[in-house]
Amino acid sequence: MLDRIHLLAAVTVLGVLEQAYFFLQVIYARRAFGISPPKISGPPEFERVFRAQVNSSEYFPIFLALLWQAGLFFHQGLAAALGLLYLYGRYCYFMGYRASSSDRLTPIYFSSGVLWILAAASTLGILHFFLSHYVGLNVLQLLTA
């Protein structure tokens with residue numbers, strides 16, 4: 001069983017570490033700009049770091065669900081590779097947003113595109129499972145025949 005999930009687990013750990021890094025960046029920005037919780041407003045430089053972290057954490061559960069569904073039902077290697085691309089895109093998004101709000105756009109489009117591919121792989125994998133398990137129709141055999 002573990003050989004079917006080890007890549008997904010590794011990408012999940014990397015994702016959690018990335019989220020922790022983003023959280024730490026908000027703490028450092030709070031200290032640098034003298035903004036104590038629960039305040040969430042301040043200079044634009046702080047607000048961009050804060051929004052980048054919040055936006056990334058909002059998408060993280062969606063990413064995890066799609067990563068694991070695509071990996072379990074479609075293909076672990078492809079899902080893990082897409083997961084790494086997503087994490088890279090989110091890192092670029094965070095760094096871009098930190099520098100300027102306009103620098104976040106290309107990375108957000110990239111990472112959103114990766115999420116859509118993970119969603120498609122998840123959907124196809126789950127659909128294939130239901131068709132083969134409950135209907136007895138193996139679409140892959142039909143396509144290769």
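Every heavy atom of this structure was used, including side-chain atoms; hydrogens, water molecules and symmetry mates were not.
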Separation between CZ of R30 and NZ of K39, rounded to the nearest 0.5 Å: 10.0 Å
Are side-chain heavy atoms of I40 and R51 found at a separation under 4.5 Å? no
Polar contact flag, side-chain donor to acceptor under 3.5 angstrom, Y93-N55: yes
With the side chain counted from C-beta on, respond yes when H128 and T123 share a heavy-atom pair under 4.5 Å apart, and no when they do not. no
If you count every heavy atom of other residues, nucleotides or ligands that lies below 6.0 Å from Y88 atom OH, does the total exceed 12? no
Distance-only donor-acceptor hits, side chain of residues 10-29, under 3.5 Å, sequence neighbours excluded:
residue	atom	partner	partner atom	Å
T12	OG1	L8	O	2.8
T12	OG1	W68	NE1	2.8
Q25	OE1	R98	NH2	2.6

With rounding to the nearest 0.5 angstrom, report the SG to CG distance, C92 to L87. 11.0 Å
Applying ring-ring contact (aromatic ring centres under 6.0 Å, His included) to Y59 and F63, what does each step give before you reach the verdict? CA-CA 6 Å; Y59 276 87; F63 163 68; over 10 Å; no
Checking Y86 against L82 for the side chain to side chain contact (heavy atoms under 4.5 Å, CB included) test, could you report, in this order, the C-alpha distance in whole Å, the side-chain angles of both residues, the deciding distance, and whether it holds? CA-CA 6 Å; Y86 175 81; L82 289 168; over 6 Å; no
Given 3.5 Å as the limit, does a donor-acceptor pair link the side chain of H133 with the main chain of F130, or not? no
Is there a path from L85 to L64 through hydrophobic residues (I, L, V, M, F, W, Y) whose side chains come within less than 4.5 Å of each other? yes
I want to check something: taking the side chain as every heavy atom from C-beta on, are S41 and E47 in contact at a cut-off of under 4.5 Å? yes
What closest approach, in Å, do S122 and A70 show between heavy atoms, and which atom pair accounts for it? OG-N, 3.2 Å
Pairwise distance CD1(I117) to CZ(F74) - rounded to 0.5 angstrom: 11.0 Å
Applying side chain to side chain donor-acceptor pair (under 3.5 Å), can you list everything that pairs with S100, at least two apart in sequence or on another chain? S102
Which distance, rounded to the nearest 0.5 Å, do you find between the CD1 of I108 and the CG of D103? 13.5 Å
By ring pair (Phe, Tyr, Trp, His ring centres under 6.0 Å) - contacts of F73 (at least two apart): F129
Say whether, by atom type as modelled, one donor and one acceptor occur between the side chain of R4 and the main chain of L72 under 3.5 angstrom. yes
Spell out, as yes or no, whether a donor-acceptor pair under 3.5 Å connects the side chain of R104 to the backbone of G96. no
Is P43 close to I35 at the side-chain level, that is, under 4.5 Å between some pair of heavy atoms? yes
If hydrophobic clusters are built by linking Ile, Leu, Val, Met, Phe, Trp and Tyr wherever their side-chain heavy atoms come under 4.5 Å apart, do I62 and L124 end up in the same one? yes
Hey, is the main chain of G89 close enough, under 3.5 Å, to the side chain of S111 for a donor-acceptor pair? no
Is L78 reachable from L7 through a run of I, L, V, M, F, W or Y residues, each pair having side-chain heavy atoms under 4.5 Å apart? no
Kindly check if the number of other-residue, nucleotide or ligand heavy atoms within 6.0 Å of CZ (F110) is above 12? yes
